[in-house]
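The model shown is predicted, which means the values in this text are computed figures rather than measured ones.
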2 protein chains.
Amino acid sequence: MQYDKAKDQFIQAWGTLGSAWGINKAMGQIHALLLITEEALTTEDIMEELKISRGNANMNLRSLMDWGIVQKVLKPGERKEYFTTGKDILELARQVSRERRRREIEPVMRVLNEVQEVEGNTPQVEHFKKVTGDLSGFTKQVDGALDKFIRSDKNWFFQVLMKLMR
Amino acid sequence: MQYDKAKDQFIQAWGTLGSAWGINKAMGQIHALLLITEEALTTEDIMEELKISRGNANMNLRSLMDWGIVQKVLKPGERKEYFTTGKDILELARQVSRERRRREIEPVMRVLNEVQEVEGNTPQVEHFKKVTGDLSGFTKQVDGALDKFIRSDKNWFFQVLMKLMR
DNA sequence: TTATATTTTCAGAAATTATTGAAAATAAAA
DNA sequence: TTTTATTTTCAATAATTTCTGAAAATATAA
């Protein structure tokens with residue numbers, strides 16, 4: 001397979017995966033492009049490669065920086081800003097976990113705790129408390145494991161995976 | 001907190017969480033409603049509770065059945081169809097994992113394998129192979145662990161979580 | 001200071017996704 | 001069979017999200 005073809009397929013796939021997981025397609029594509037490019041790129045490079053507008057590129061680069069997975073690089077004596085992303089996949093997974101935990105798991109846990117305060121002891125209410133309690137318990141467990149993963153080092157992760165597989 | 005308020009908050013939160021993870025809001029809300037309702041519900045019940053149209057309810061119920069997390073219940077002597085969802089949260093997580101694996105992880109792994117076949121040995125191509133190779137390796141590991149989880153029983157899961165936490 | 005390069009913003013347009021509602025299809029009952 | 005209940009489909013519409021492009025803001029150089 002030709003490099004340009006492979007590159008395009010990868011960028012496309014990364015964008016599609018993003019969409020399926022609630023991430024803007026362009027955001028996924030920019031990330032993919034930065035991943036496979038060793039050097040940092042300018043907004044214009046990205047606009048050109050992905051055929052998107054300046055506004056679009058700028059907005060999604062900002063989002064990626066908000067997620068903490070893309071960094072601005074300033075080159076001495078250059079006026080333009082360059083962008084790059086870390087190439088360590090495990091660190092990437094860790095950062096995405098960290099953000100999703102903060103953005104989605106935490107709010108859901110807050111609601112689950114709140115609604116547990118429901119009044120009454122009809123079967124209906126009891127069932128509601130049971131289900132939301134179960135969800136809350138499960139979420140807490142996952143959250144704890146995720147926290148451990150986020151704080152962990154490379155070795156820990158692979159050791160755990162090994163344990164899991166046996 | 002009043003039951004109706006708690007119920008509404010929970011349904012709302014479940015819909016929002018769904019959206020953030022690439023699942024249609026109404027789908028999440030229907031699932032939430034079925035979760036907290038012990039008895040099976042008809043399409044009309046759902047339309048009324050969530051104030052959505054028949055088409056919408058029908059479409060999203062079908063999607064939920066495609067995901068394997070909602071079941072049709074036929075009541076003897078009744079013409080209407082009823083719908084319900086399993087109340088076991090761990091089993092729910094397992095089923096969602098199973099489907100996401102099939103729908104998203106598998107296609108991505110296929111692409112990652114394909115693009116590894118890229119020709120050339122320029123630094124650019126070498127870097128591309130390195131990054132997609134790393135991604136592929138990471139994905140395989142996660143996929144394996146997920147597979148184990150899907151096939152596992154309740155005890156296994158909690159034992160693993162315990163190990164993870166210590 | 002003024003000129004120039006670069007980034008950011010944001011209103012409007014385009015594209016995508018979700019929803020409605022009524023007609024068509026299906027299935028059970030009479 | 002016909003009638004009635006119920007589900008499914010789908011074209012039209014609405015809502016939401018994404019994208020554009022040009023103007024405004026910012027920053028650097030002259």
Side-chain angles (χ1 to χ4, degrees), chain A residues 11-34 39-67 70-84 103-104, chain B residues 11-34 39-67 70-84 103-104:
Chain A
I11 289 174
Q12 218 50 43
W14 214 232
T16 304
L17 184 68
S19 299
W21 288 81
I23 283 155
N24 177 322
K25 195 180 68 176
M27 207 171 132
Q29 293 181 333
I30 293 174
H31 181 247
L33 176 62
L34 292 177
E39 324 79 56
L41 297 179
T42 64
T43 303
E44 302 231 328
D45 293 334
I46 294 165
M47 288 166 60
E48 208 170 308
E49 286 272 9
L50 304 179
K51 274 132 184 59
I52 60 176
S53 71
R54 185 175 299 284
N56 196 4
N58 185 273
M59 204 181 94
N60 282 297
L61 279 167
R62 202 146 25 79
S63 291
L64 283 163
M65 288 191 288
D66 287 346
W67 274 79
V70 160
Q71 291 78 36
K72 213 177 258 192
V73 175
L74 295 174
K75 301 208 174 182
E78 284 231 46
R79 209 146 148 181
K80 272 192 198 132
E81 294 176 335
Y82 288 74
F83 300 91
T84 193
R103 296 174 187 220
E104 289 129 26
Chain B
I11 290 174
Q12 217 52 42
W14 215 231
T16 304
L17 185 68
S19 299
W21 288 81
I23 283 154
N24 177 323
K25 195 181 67 175
M27 209 172 132
Q29 293 181 335
I30 293 173
H31 180 247
L33 176 62
L34 292 176
E39 322 80 57
L41 297 179
T42 64
T43 303
E44 302 232 329
D45 294 333
I46 293 165
M47 288 165 60
E48 207 170 309
E49 286 271 10
L50 303 180
K51 273 131 184 59
I52 60 175
S53 71
R54 185 175 300 283
N56 197 3
N58 185 273
M59 204 181 96
N60 283 296
L61 278 167
R62 202 146 26 78
S63 291
L64 283 162
M65 288 192 287
D66 287 346
W67 273 78
V70 160
Q71 291 79 35
K72 213 177 259 191
V73 176
L74 294 174
K75 300 208 174 183
E78 285 231 45
R79 208 146 149 182
K80 273 192 199 130
E81 295 176 336
Y82 289 74
F83 300 91
T84 194
R103 296 174 187 221
E104 290 129 26

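- Within residues 13-29 of chain A, the residues that have a heavy atom under 4.0 Å from DNA chain D are, in order of number, A:Asn24, A:Ala26.
- Distances from the side chain of A:Ser53 to the nucleotides C:dT8, D:dT20, C:dT20 place D:dT20 closest.
- Atom pair B:Leu74:CG and D:dA5:P shows a separation of 19 Å (rounding to whole Å applied).
- Spacing between atom CZ of A:Arg54 and atom C1' of D:dT26 amounts to 14 Å, rounded to whole angstrom units.
- Here the side chain of A:Ile52 is nearest to one of D:dT7, C:dT7, D:dT20, namely D:dT20.
- A:Asp45 and A:Thr42 are linked by a side-chain donor-acceptor pair at a separation below 3.5 angstrom, with hydrogens and angles left out of the test.
- By the 6.0 Å and 45° rule, A:Lys75 stacks over the aromatic ring of A:Tyr82.
- Remark: the A:Arg79 side chain and the C:dT4 base include a donor-acceptor N/O pair separated by less than 3.5 Å.
- Counting only residues at least two apart or on different chains, the salt bridge (Lys or Arg N to Asp or Glu O under 4.0 Å) pairs with a member in residues 48-57 of chain B are B:Lys7-B:Glu49, B:Glu44-B:Arg54.
- At whole-Å resolution of the value, CG in A:Leu50 and P in D:dT20 are 10 Å apart.
- Contact annotation: B:Asn56 does not reach the phosphate of C:dA18 (side-chain N/O to OP1 or OP2, under 4.0 Å).
- Checking B:Trp14 against B:Gln29 by side-chain atom types alone, no donor-acceptor pair falls below 3.5 Å.
- OP1 or OP2 of C:dT9 sits under 4.0 Å from a side-chain N or O of A:Arg62.
- A:Arg103 forms a cation-pi arrangement with A:Trp67, by the criterion of a distance under 6.0 Å to the ring centre and an angle within 45° of the ring axis.
- Counting all heavy atoms, side chain and backbone alike, B:Ala57 lies closest to B:Met47 at CB-CG, 4.0 Å.
- Across the protein-nucleic acid pair, B:Lys80 atom NZ and D:dT8 atom P stand 14 Å apart, rounded to whole Å.
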